[in-house]
Number of protein chains: 2
Amino acid sequence: MSILFWQQPYDESFRMVADIPTTRDKILQAAAEITKEVGPVNLSLDAVAKRAGLSKGGLLYTFPTKAKLLEGLVEQHVSEFDQSLRREEASRNFGPNSVVLAVIAVYRAEFVCNEPEPSGILAAIANDPGFLEPIRRYNKQLLQRMRENAADPMLAMMVFLTIEGLRSLKLFEMNVLDRAEQIAAIDRLKNLFEPADPAPVETPAVA
Amino acid sequence: MSILFWQQPYDESFRMVADIPTTRDKILQAAAEITKEVGPVNLSLDAVAKRAGLSKGGLLYTFPTKAKLLEGLVEQHVSEFDQSLRREEASRNFGPNSVVLAVIAVYRAEFVCNEPEPSGILAAIANDPGFLEPIRRYNKQLLQRMRENAADPMLAMMVFLTIEGLRSLKLFEMNVLDRAEQIAAIDRLKNLFEPADPAPVETPAVA
DNA sequence: TTGACATTACCGTCCAGACGGTACAGTACT
DNA sequence: AGTACTGTACCGTCTGGACGGTAATGTCAA
């Protein structure tokens, strides 16, 4: 029911990073796409199977129940962010303000690369508010870490809120700000911690 | 389909402000409550009718289709905010920064009074992402007005984002910050525009 | 004042269709 | 032989919504 990070049927750790997507990945992406297009309510297993290019039986082989699929959506969302975050923290040697700066860096990269928001979590939440719990826990912990590691905890909180604002705008595809404005906002945040930014890259090439 | 603010069956303008709730109001509140409890996907007309204390037939008399009910949810959300905002703007005589300050004031009041988030909009969005469009339009216009009216447009944008962050945390009941912290964050924003705040009222009486 | 009809605000029932899930036989690759 | 599916058929449940009724209230002419 609410068991997040459940055991996967097989070990994926041997797979290459930028390899061809697994069936699992294809299903998750299909679910996110459908959610974005027709809304979480209309996310049916039939539709996901069709979009992912497999049969319903095949889908239910990978995800035995719809709840497991939704769990997969949430798990992917959280773990992908966390991995990026830890990487950024490590590159800053876990020094002062490293958590805040890492958070900023992760979102900056996301906005620069114009990565689509995996709106699948909306589907999960819409089906069962209980899926919010792990996200709640994660965010609580994240904010805690940001504050403890920051020179100015209050400022860290403001950064958290601003980022959260950007994130929610993206989640709802609320294109109120264009990409440049979003990046400018993030850089403004960054400058609160690193006042001297010698060469702010305005429009870096998209890899 | 996407006609917001549709004609209501009768003129409610004669009704007193703090009067007994109309059937319409009861239905809308019931829908919001159910959404919060069991998630937008499980918002059924039967459940709403039961919660609101009338039959399904009666519900469908007030809202001929489910889509109309969802429209009602969105419309209520937007119009209630807008009314509060205009009132706050007027009380500041539409002077410089009045829009930004009004937005801050509205949310401050909301957090101080601990008003519950009408999570009904989540239900609307979950059923049909098209319901985001009017909200998108409104927010775009709001941000525009905040910027044009503000002494520092960039700062106005940061305020908008921070408020948006607080709002999304509340929408998802992401109780990461306690009430005092949220109010402190809002006051910090306010002080960016009104540096000298002589007597910040902590818990003003609800009028 | 009364009878005829209209409108409002509902109730209770019914139904076609969609959905999640099961079951199982078959198949292609490793 | 096992893994990872395909494809079809099916079941029970839930859902939106159509529909026919009904009680209360209002309107208006005779």
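Computed from heavy atoms alone, side chains included, the values below leave out hydrogens, waters and symmetry copies. All chains are named by letter (A, B, ...) in the order of the sequence lines, taking the proteins before the strands, and each is independently numbered beginning at 1.
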Treating primed atoms plus P, OP1 and OP2 as sugar-phosphate and everything else as base, which nucleotides of nucleotides 16-30 of chain C get B, S or - for protein heavy atoms under 4.0 Å?
---SBBB--------

Decide yes or no for A:Lys170 and A:Leu166: does some side-chain heavy atom of the first lie under 4.5 Å from some side-chain heavy atom of the second?
no

Side-chain ion pair, B:Lys68 and B:Glu75, N-O less than 4.0 Å:
no

Sequence-distant partners of B:Glu173, side-chain hydrogen bond (donor to acceptor under 3.5 Å, both in side chains), two or more places apart:
none

Full working for side-chain contact (heavy atoms from CB on, under 4.5 Å) between A:Thr162 and B:Phe160
CA-CA 8 Å; A:Thr162 312; B:Phe160 177 83; over 6 Å; no

Measure from [atom1] on [X] to [atom2] on [N] and round the result to the nearest Å.
X: B:Phe63; N: D:dG16; atom1: CZ; atom2: P; value: 15 Å
X: A:Tyr61; N: D:dG7; atom1: OH; atom2: P; value: 17 Å
X: B:Leu54; N: D:dT22; atom1: CG; atom2: P; value: 20 Å
X: A:Ile27; N: D:dA4; atom1: CD1; atom2: C1'; value: 11 Å
X: B:Leu59; N: C:dG12; atom1: CG; atom2: C1'; value: 14 Å
X: B:Lys50; N: C:dG12; atom1: NZ; atom2: P; value: 12 Å

Sequence neighbours left out, what pairs pass salt bridge (charged side-chain N to carboxylate O under 4.0 Å, His left out) with at least one residue falling in residues 56-66 of chain B?
B:Asp46-B:Lys56

OP1 or OP2 of D:dC5 under 4.0 Å from side-chain N/O of A:Thr23
yes

Could you label the plane-to-plane angle of the A:Phe172 and B:Phe172 rings as parallel, tilted or perpendicular, counting under 30° as parallel and over 60° as perpendicular?
parallel

